[in-house]
Amino acid sequence: MSFVARQDPVESERTMPERPTSMDPQELGFTPKGPVGWLAPLLLLSTGLRALLAILFGAYLDKRELQNALDSDVFDHSATADGELWLDYIADLGDGFDATYSMAYLLAQPDLEVDGERLPRGRLLMMGGDQVYPLASGDGYENRMKGPYRAALPEAPAGEPRPTLFALPGNHDWYDGLTAFLRLFARRKDGHIGGWRTEQRRSYFAVKLPANWWLFAVDEQFGAYIDDPQLMYFERAAAQVGPDDRVILMTPSPTWVKAADSPEKYDAVDYFIRTILAPTRAHVRVLVSGDLHHYARYTGEDRELITCGGGGAYTLGTQNLPDELTVPPKETLTRSKSRSRTYGLKESFPDAPTSRRWGWGVFHRLPRRNAGFATMLGIIQTLTMLAMAGAAASRQDGSILKLFTIPLVLMLLVILLATVLFAQPPGASSPKHARHWILGLLHGFAQIALAAGGTLAWLRLDFRDWAWPLPLVVAAVVYGPVIAILSTQLTAAYLLIAARFGVNVNELFAGQGIEDGKSFLRMHIGADGTLTIHPIGVRKVCHDWQPDPDGDPESPWLRPETPLIPHRIEPPVRVV
């Protein structure tokens, strides 16, 4: 394993592109995209199928084994002029342009004034996962991540060391087996995204930092094992780690939070700490991850556990986070697990009251931002009503069995099956298994009751007696839109209630697509070895951008018409 010291290569001469004068994609070189509509029927289907294929055939698509043929460099960023280093961390960023570019714009600034203190731009930018949504592809990365970040920092800052970007894949980066991810972040020796240089050769990496700090980023997805080439890479890196060193461990998902419901979720991370890092006697002082789209910090006697997934994707509320975590969970079946410790929740953003208030917004945001989902509900409800009306009319010939016609039974089964699957029941061994089934069935019966009520109203109207096909036209043009709104509101009420029981919390917020409430970390390693973590929040992202065609080569192409105001989520967290 080679040890690659950071270098600042001389930029090759190239023709400088003209700065854009508008938001025209032809000038920008990419197409700014709106937020992903996560409840769009086709997207739900395609994403679900991709996730299923990744889980069922992940071993065949997994390119981590093949990465053994790539360079196994450990990256040395420990040598700085003053013995200090600033680095940034952001995750879950490749969604709608406004939120993604708002955060990229702040990260690209030479410094930020936060609550009266100036914080310099990070020499390193760590991306913690899900650099693109909803599915990984070349065009997806270009339009949702690479393009916005290139627009924020088009060229390397003049007279300064070029900042370096490292990226860890998240589950959305994984849906194509890491093909597009590796092509973007690990393909070329001289790779760059705008003014940021890319150095990594694999989907995981180790970086030596100043003052005996290290950063290890582990690629562990879908609960899979950590592959042998990756373990060997980190074993060789760990051979350079001493007992006085301290480690920041990046993971794709905050398994310490998810293990509260599924104890096995933390097993792979615990295995890595026990087998790779513990033998060095180094101190793992910080675990950091994205995946959950909010900021939350748990603290204990030995380390900080930080979730920071506010890079651009829809904001996820924090009202369901437990006040305490036991890590590793005592319920794990791993016999050689590390000693369990208790960690308390110290801060979250958005906070729980704000999250609950935003949850109530589902009634107006769900239909407004998910027209396709509302249309699907309207179609299902209309078809069910027509089947019920036909069955009710058949009672006139005295045959009770005709009440249970095949179309009606089929529609009822479709509704119940869809609502149960929407509730995402876990395995039978999960202690919360029953509540998913109960809430899913109750939602299904509520939708059926709504269809029955709609049928009673329909049978009282004169439309049904009109000449065919006029009743069908009225059902599609009048009844369909009205019942779609009512069914969507019923789904919104279900999501709000289910979230209180820890079910469909993600869907409650994904359906709303809240772009505000974003966050990233700005960290500083001092000459004395103290790591200071500044959690930065942005309450409102910008939606109006002004081209800056006369700006300096390294200045952003687009500037916000209304100022972006970063603030500290909590006082600086100091780790020694």
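Not measured: the values here are computed from a predicted model. Every heavy atom of this structure was used, including side-chain atoms; hydrogens, water molecules and symmetry mates were not. If you read the sequence from its start, that first residue is 1, and numbering goes on from there.
A donor-acceptor pair shorter than 3.5 Å cannot be found between the side chains of Ser348 and Asp351. Side-chain polar atoms of Tyr343 and Glu304 form no donor-acceptor pair below 3.5 angstrom. Between the side chains of Asn506 and Tyr314, a donor-acceptor pair is found at a separation under 3.5 Å. For the 3.5 Å distance criterion, the side chains of Thr332 and Asp267 qualify, holding a donor opposite an acceptor. For the 3.5 Å distance criterion, the side chains of Gln447 and Ser487 qualify, holding a donor opposite an acceptor.
In this structure, Glu561 places its CD atom where more than 12 heavy-atom neighbours from other residues, nucleotides or ligands lie under 6.0 Å away. No more than 12 heavy atoms of other residues, nucleotides or ligands sit less than 6.0 Å from atom CG of Asp323.
Side chain of Asn504 to backbone of Phe422: a donor-acceptor contact under 3.5 angstrom is found. Panel note: side chain Thr100, backbone Leu93; a donor-acceptor pair is recorded below 3.5 Å. Distance alone, capped at 3.5 Å, is enough to place a donor-acceptor pair between the Gln489 side chain and the Phe363 backbone.
The aromatic rings of Trp545 and Tyr101 sit perpendicular to each other, their planes meeting at more than 60°, with 30° as the lower class boundary.
Between Trp38 and His293, the distance separating the two ring centers is not shorter than 6.0 angstrom. Between Trp174 and Phe181, the ring centre distance reaches or exceeds 6.0 Å.
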Just do the salt bridge (charged side-chain N to carboxylate O under 4.0 Å, His left out) check on Glu113 and Arg118 with the steps written out, would you?
CA-CA 4 Å; Glu113 183 174 346; Arg118 303 204 74 84; 3.1 Å; yes
